[in-house]
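Every chain is numbered from 1, with letters handed out A, B, ... down the list of sequences. When reading the values below, keep in mind they use all heavy atoms of this one structure, side chains included, and skip hydrogens, waters and symmetry mates.
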There are 2 protein chains.
Amino acid sequence: MAADTLKKLKTAEAEKISHIDYFNIAISVDCVIFGFEKKELKILLIKSDLEEFADKWSLLGDLVRVDEDLDSAPYRVLRQRTGLDDVFLQQVGSFGATNRHPSGRVITTAYYSLINIRNHKLKITDNEVHWHSLKDLKALAFDHKQIIEACLQRLRIQVMDEPVIFNLLPEKFSLRELQDLYQAILGTKLDRRNFRKKIALKNWLDDLDEMEDDVPHRPGKLYKLKTGLKKHLAGLAEKVK
Amino acid sequence: MAADTLKKLKTAEAEKISHIDYFNIAISVDCVIFGFEKKELKILLIKSDLEEFADKWSLLGDLVRVDEDLDSAPYRVLRQRTGLDDVFLQQVGSFGATNRHPSGRVITTAYYSLINIRNHKLKITDNEVHWHSLKDLKALAFDHKQIIEACLQRLRIQVMDEPVIFNLLPEKFSLRELQDLYQAILGTKLDRRNFRKKIALKNWLDDLDEMEDDVPHRPGKLYKLKTGLKKHLAGLAEKVK
DNA sequence: TAGGATTTGTGTACAAATTACACAATCATT
DNA sequence: AATGATTGTGTAATTTGTACACAAATCCTA
C-alpha cells in the first residue's frame, strides 16, 4: 500500500483539498445549536453539500485546523455561521465509527450551544441554513441524529441544576416563558405552583418590577437572571457537572 | 509550504513512523483505569517514553487506527495492556489544546474504565506499568492530570445512580467493602445506617447467605450484584446518563 | 478462658424536599 | 358588561434525607 498511498497523498497536497484522505483520520467539530421559539425547541441545520446526502440536513461543522485548539473550533464555526461571538458552548462527546462519513475517515467532536433566536446580533446569511423544530426533524446526514440525541440528553441533565437555560431567552422574560421552555426541553408538563416554588428556591432571578405588555391576556411580571450568575460555563472541569 | 510539507510527508511514509507529523492532526485515546485496593482508589499508569517527560507518568493510550472505530480503540489498549477483554469503559471527553503534546498535534479522547484489581485474568506484563494511589499522584505527562480529574468527576456522578461501581469489586463483597469504596470515590465519610438504607432501596444486591471469613473481627454478610443488572453500560446513548 | 478491640447490624425522630391540588384577580377582546 | 385566557398564591400529605446509640459477633491476647 505504501506507494499507492503516497500517490494519493501527493495528489491531495497538490490539489490543496481538505485533510480527508485515505490513510489519515480527519477531525471535525459539529455544533448542535438550540434555540427556542413559539414554545418549541429548535435546532439550526444546513442542507448537506454531499451528493450522498442530497436531500438531508446536517449540523453546522467544520474540520479542526491544525493550529487551532479543539475547543476553539466550534466557536469559529458559530461565529462564521451566525455572527455570534459570545455564545454558550459545551463539549458533549466524540463520534468516530469508521463508516460514519462517506468521503473518508472523520472523527467528530460534538458541542451543544444555546442561543437566543431573537438576539439582534444573530445574522444567518447562508440561505441553506434554517431553524428546524426538534419535534419533526427530517432525515439527517451522517450520524447527526444520534449526535443531537446525545446533546439533548446532556441539555436535559444540565438545566436541572445550572442556570444555562437563560441563554435561550431574551434578557427579560416572564415565568410563563421560562416554564414553557423547561417543558419544551424536558418534554413534560410541569405544575405551575411547584415550578415557581422550585425556581424561587434556586434564587437565580431578579424581579424587574415590570410587566409583559405584548400578551392578549393578563400580563405577568418580568424577571432577569441575577447579575453575577454567569450563564456560560466553559472549560473542561465543568464538562459534566 | 507545499513542497516542504510534501517532503516531510514522504519521509514519514518512508519511515513508517506514526501519524504524528506537522500538518495533520493525529488522534489518540487515553484510558483512565480505576482500581480499588486497601480502601483506596488507584489508577494504572505507565512511565512516559518521551524524553520531555522522562520522569513522569502517563495514561495508557495509543493512536487510533484508521480502520478502527474510535470507541473500539480503548478496548484494544486495555486488552493489550491488561489482558482484560470484557471491561467497563466509557467515553468522557476529548482534549485538544494545540500545545498539549510536545511531538506534534494530537487530539485525544479520554475513556474511563473500572476493573477489579484482583481479577485473575489481569496480566500486567509491561514492568513500566504500575498502580498508583489517586491520593498521591506524582507529576503526570501531557494534560493527563486534567483528564484524570474529568474522569473522576464523571465517576462520582455515575456511581450515584447506576450500578457501575461493582466493576471495581470482586463478585462477593460485604457492605463494608462497598461503603469503603463509595467513600474512596466520593472522598467523604458516609453514615453506615443511612448508607445501608440507601443501598437497600436501590435493590441492586442479592444476599448470599454467606459470611466473610478473612477479617480479624466480626464478619459481615456477603452480597453480590443482582443477576440481570448489567454493570457494563456501553454505547453512546448512555454516555452522559 | 476472660476481657478488650473492632466491627456488624439495626430503628426512630426530625428536617427538608416533592407532590397534588383550587380559586380569586387581572387584562384584552367583544 | 360579560367572556376567555392567564397570573399569582398556600396547604396538607408523602417521600426523602439526616442525625444518632447500643447490643451482639468474632478475633486476639494475656
| said: Can you measure B/Glu177 atom CD to C/dT7 atom P for me and round it to whole angstrom units? | reply: 13 Å

| request: Report the residue from A/Leu59, A/Leu78, A/Val87 that forms a side chain to side chain contact (heavy atoms under 4.5 Å, CB included) with A/Cys31. | output: A/Leu78

| remark: With the side chain defined as heavy atoms from C-beta on, B/His217 is closest, among C/dT7, D/dC20, C/dC21, to C/dT7

| query | Take atom NZ in A/Lys202; do more than 12 heavy atoms of anything else shown fall under 6.0 Å from it? | reply | yes

| task | Decide yes or no, distance alone: a donor-acceptor N/O pair under 3.5 angstrom between the base of D/dA24 and the side-chain of B/Arg218. | result | yes

| query | Between A/Pro216 and B/Arg192, which is nearer to the 5' end of DNA chain C once each is assigned its nearest nucleotide? | reply | B/Arg192

| remark: To the nearest angstrom, the CD-C1' distance between B/Glu212 and C/dT6 comes to 12 Å

| Under 30°, 30 to 60°, or over 60°: which ring-plane class applies to A/Phe142 and A/His144, parallel, tilted or perpendicular? | tilted

| note | note: B/Asn194, atom CG; C/dA13, atom P; distance rounded to Å ~ 15 Å

| Distance-only donor-acceptor test (3.5 Å): side chain A/Arg193, base C/dC21 | yes

| said: Any non-hydrogen side-chain atom of A/Tyr111 less than 4.5 Å from a side-chain atom of A/Val29? | reply: yes

| query | Ignoring hydrogens and angles, are the base of C/dG9 and the side chain of B/Arg196 linked by a donor-acceptor pair under 3.5 Å? | reply | no

| field | d(CZ, B/Phe195; C1', D/dG17) in whole Å | value | 15 Å

| task | Answer with base, sugar-phosphate or nothing: what part of the nucleic acid does A/Arg176 contact at a heavy-atom distance below 4.0 Å? | result | sugar-phosphate

| said: Tell me whether B/Glu171 at atom CD has more than 12 heavy atoms from other residues, nucleotides or ligands lying less than 6.0 Å away. | reply: no

| query | With sugar-phosphate meaning primed atoms plus P, OP1 and OP2, does B/Lys221 contact a base, only sugar-phosphate, or nothing at under 4.0 Å between heavy atoms? | reply | sugar-phosphate

| Spacing between A/Asp213 atom CG and D/dT7 atom P, to the nearest angstrom | 15 Å

| field | For atom CG of A/Asn203 and atom C1' of C/dA17, their distance in whole Å | value | 17 Å

| said: In this structure, how many angstroms lie between the C1' atom of C/dA16 and the NZ atom of A/Lys198, rounded? | reply: 13 Å

| Is any N or O donor-acceptor pair between the side chain of A/Lys197 and the base of C/dT19 shorter than 3.5 Å? | yes

| CD1 of A/Ile199 versus P of C/dT18: gap in Å, rounded? | 12 Å

